[in-house]
Amino acid sequence: MRSSTLRSAAVALLFIVLTIAMTWPQAASMGTRVYDADDPLLSIWRISWIAHIVPIDPLNLFNGNIFYPEKRTLAYTDSVLLQGAAGAPLIWSGVSRVTTYNVLLLLSMALSGWAMWRYALYLTADHGAAIVAGIIFAFVPFRFDHYHHLELQATIFLPLTLMLLDRTIDSGSKRDAWLTMAAFVAQVYSCIYYSVFLATALIPIGAIRLALATREQRAAFAKAMWLPLLAALIAAAPYAIAYGANRINLGERLDRDVLLYSASLRNYIATPEWNVIHGGWSRQFGQPERLLFPGVIAIALTLAGLLTIDRRRVILIVLGVTGFIISLGLHSPFYEPLRAVIFPYRGLRAPARASILLFLAIAALAAFGWSRLMRDRPQRVRMVATIAMALALLLEYRSRNEAWLTLPKEPAQVYRWLGAQPRSVVAEVPFARADALHAIHDGLYMFNSTWHWQPIVNGYSGFFPKTFIELAEHTESFPDERSIDYLKQRGVDLLVIHGNLMDPQRFGAMTAALLARPDIEALAQFEEQLGSDMVFRLRR
């Protein structure tokens, strides 16, 4: 038992080291840099909000401080409650929010590789083949296309759920049944997309697996599983309630958006352009969210793994086919009926993300393939060959990420000032435009709100409420009478004008117009390196 634990810890450490190498130079600047501009800021806000609100007012967990006066704003996107719970002790102990985010991001990749190793070892009983499977699953090019999505790196519980379910059917163990449902709920609370895809795949997988079991095994499974299943449904209920309530206000994803992020066959030979080996030739076959090439080596090993078909490989084939079909989205005749029957699909914008199930199946089948190729080889040959194969996979998957965003370690003066004020509704200028809601400055406003936690009318998320669109429309000519009246109606107390986000002439004209109004009071001005920040109070 002890040797097994030590081996598991050693493999986890190995994948941590490999993740640091594969994402370098991220580890050299954990507290200052994030990859890309939008979603990392959202993720930092999410985990920071969870750490902030849980100790003082847990009943308002979903009521984030963005998009005032909207409710349940944490549930406008994946709430990443598990990552938030894991990161909260770091934030409480004084670790910076940016560092905490980067630690969670890299650990998600590393532990996904470790979890795949556990599953592949369960399937093949071959340590070398399991390492190969873990590398494929942890570093497939899909990972680097979504390197800025914290929740989409959280695939730890996908292979663990499959392993534990298979073990429960074999053993009828109540302990295994509870572990299965615990793993599934953990996947729900770390990534909703993947939990929906996994739940969908478990329907045919469970049916086939139980059909192949004995009558005694089916009876024992039903007896062991009913209570954990009920507990899992109860545990997932808060998510269902929050997202169900939001669906009334936010509506469902438009077909044009779903179609944009539905995969096609040609997307399965596309990688991000920064992939060292394939990026130059394959980028043309896909777009972000649809860069799904699993790699030449993984495909070859999968084919070798399919030379023999048994019960476990049948399950993996079903898993991969299910993920592939879902990933096609509206390019497939099956997706529309799926949306009609399983309501969470109506809130999903990117069906192509279901390809993660295919990559999981490929990794596991590749383990079978490598185990077959190494069968009857001397131990030394197997070790050297496995190291060489691992290095070849790492080279094929190596990417050069270059779109870094540097974030401040300390708050700007205006945010420190806001943190010392009584509760006030804040609007930050410049506002988003109605034709460009995904503006980087709204992500920055949200990130910077973690220094003060005042409610803000600005924000960035997976959904935008109608009130945010109205805000953009009514402030197109800010600071005219119409926009000021609208801000008063929205309950705005303080206006923060950022000179560093606009040209000096516009900043001067805007602040002069505000100073000339009797219903607006200048409160503070702060000089920063890139421009001035001015704060005004709206008088009612």
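We're numbering straight along the sequence, starting at 1. Computed over heavy atoms, backbone and side chain alike; hydrogens, waters and symmetry mates excluded.
- For the pair Q217 (side chain) and S171 (backbone), a donor-acceptor distance under 3.5 Å is absent.
- Between L121 and A130, the shortest heavy-atom distance links the atoms N-CB, 3.6 Å.
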Exercise for the section: Show the numbers, then the answer: is there a side chain to side chain contact (heavy atoms under 4.5 Å, CB included) between I91 and V95? Expected result: CA-CA 5 Å; I91 294 174; V95 177; 6.0 Å; no
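- Of the candidates L105, L104, V103, V103 is the only one forming a side-chain contact (heavy atoms from CB on, under 4.5 Å) with L107.
- With Y189 as reference, Y239 is the one residue of Y239, F157, F184 to meet the side-chain contact (heavy atoms from CB on, under 4.5 Å) rule.
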Practice task
List the steps and the verdict of side chain to side chain donor-acceptor pair (under 3.5 Å) for Q26 and Y147.
Solution key: CA-CA 11 Å; Q26 178 72 80; Y147 187 59; 3.2 Å; yes
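- The ring of Y268 has its center no closer than 6.0 angstrom to the ring center of F285.
- For the pair A110 and F15, the tightest heavy-atom approach, listed with the atom from each and the gap, is O-CB, 3.4 Å.
- Closest approach of L164 and A183 over heavy atoms only: CD1-CB, 4.0 Å.
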Exercise for the section: Please test D126 against R382 for salt bridge (Lys or Arg N to Asp or Glu O under 4.0 Å), starting from the C-alpha separation and ending with a verdict. Expected result: CA-CA 11 Å; D126 186 324; R382 289 166 62 92; 3.0 Å; yes
Exercise for the section: Determine, step by step, whether Y397 and V276 satisfy the side chain to side chain contact (heavy atoms under 4.5 Å, CB included) criterion, reporting the C-alpha distance in whole Å, the side-chain angles of both residues, the deciding distance to 0.1 Å, and the verdict. Expected result: CA-CA 7 Å; Y397 290 157; V276 172; over 6 Å; no
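- When atom types are taken as modelled, the side chain of W117 and the backbone of V11 share no donor-acceptor pair closer than 3.5 angstrom.
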Exercise for the section: Under the side chain to side chain donor-acceptor pair (under 3.5 Å) rule, what do R313 and T308 come out as? Steps first, then yes or no, please. Expected result: CA-CA 8 Å; R313 274 171 265 214; T308 300; 4.7 Å; no
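- Looking only at distances, a side-chain donor or acceptor of H331 sits under 3.5 Å from a matching main-chain atom of A263.
- Ion pair D145/R290 not flagged as a salt bridge, since none of the NZ, NE, NH1 or NH2 atoms sits closer than 4.0 Å to an Asp/Glu carboxylate oxygen.
- No hydrogens or angles considered: a donor-acceptor pair under 3.5 Å links the side chains of S264 and N267.
- Residues G443 and L41 come closest through the heavy atom pair C-CD1, 3.5 Å.
- The nearest pair of heavy atoms linking R33 to P25 is NH2-CG, 3.2 Å.
- Taking the ring centroids of F463 and Y76, they lie at or beyond the 6.0 Å cut-off.
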Handout entry: salt bridge (Lys or Arg N to Asp or Glu O under 4.0 Å) between R167 and D170, intermediate numbers included
Key = CA-CA 5 Å; R167 208 164 73 182; D170 273 343; over 6 Å; no
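- The aromatic rings of W281 and H278 sit perpendicular, their planes meeting at an angle over 60°, well past the 30° parallel limit.
- S461 and T77 share no donor-acceptor pair across their side chains, judged by distance under 3.5 Å alone.
- Tested against S79 for a side-chain contact (heavy atoms from CB on, under 4.5 Å), the candidates L61, L74, I50 yield a single pass: L74.
- Residues T124 and W370 have side chains that never bring a donor and an acceptor to within less than 3.5 angstrom of each other.
- Side chain of D78 to backbone of I192: a donor-acceptor contact under 3.5 angstrom is found.
- Using modelled atom types, no side-chain atom of E289 and backbone atom of A352 make a donor-acceptor pair closer than 3.5 Å.
- To the nearest 0.5 Å, the span separating CZ on R46 from OG1 on T73 amounts to 12.0 Å.
- Aromatic ring centroids of W274 and F144 lie 6.0 Å or more apart.
- Closest of all the heavy-atom pairs between A186 and L82 is O-CD2, 3.6 Å.
- More than 12 heavy-atom neighbours from other residues, nucleotides or ligands sit within 6.0 angstrom of CZ on R311.
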Practice task
Just do the side chain to side chain donor-acceptor pair (under 3.5 Å) check on T180 and T168 with the steps written out, would you?
Solution key: CA-CA 8 Å; T180 301; T168 303; 3.1 Å; yes
Handout entry: Verdict with supporting geometry, S327 and S355, side chain to side chain donor-acceptor pair (under 3.5 Å)
Key = CA-CA 6 Å; S327 77; S355 57; 5.8 Å; no
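- In this structure, F197 and Y345 have tilted ring planes: the angle between them lies in the 30° to 60° band.
- More than 12 heavy atoms of other shown residues, nucleotides or ligands fall within 6.0 angstrom of atom CH2 in W404.
- Relative ring orientation between F142 and Y194 is described as tilted, the plane-to-plane angle lying within the 30° to 60° band.
- The cationic group of R97 does not satisfy the cation-pi geometry with F447, failing either the under 6.0 Å distance to the six-membered ring centre or the 45° limit from the ring axis.
- Around the CZ atom of R175, the shell of radius 6.0 Å holds no more than 12 heavy atoms that belong to other residues, nucleotides or ligands.
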Exercise for the section: Run the numbers on L306 and L365 for side chain to side chain contact (heavy atoms under 4.5 Å, CB included), then give the verdict. Expected result: CA-CA 7 Å; L306 289 171; L365 289 168; 3.9 Å; yes
Handout entry: R349/D257 under salt bridge (Lys or Arg N to Asp or Glu O under 4.0 Å): CA gap, chis, key distance, verdict
Key = CA-CA 6 Å; R349 180 176 57 178; D257 294 332; over 6 Å; no
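- The environment of R346 atom CZ is dense: over 12 non-hydrogen atoms of other residues, nucleotides or ligands sit within 6.0 angstrom.
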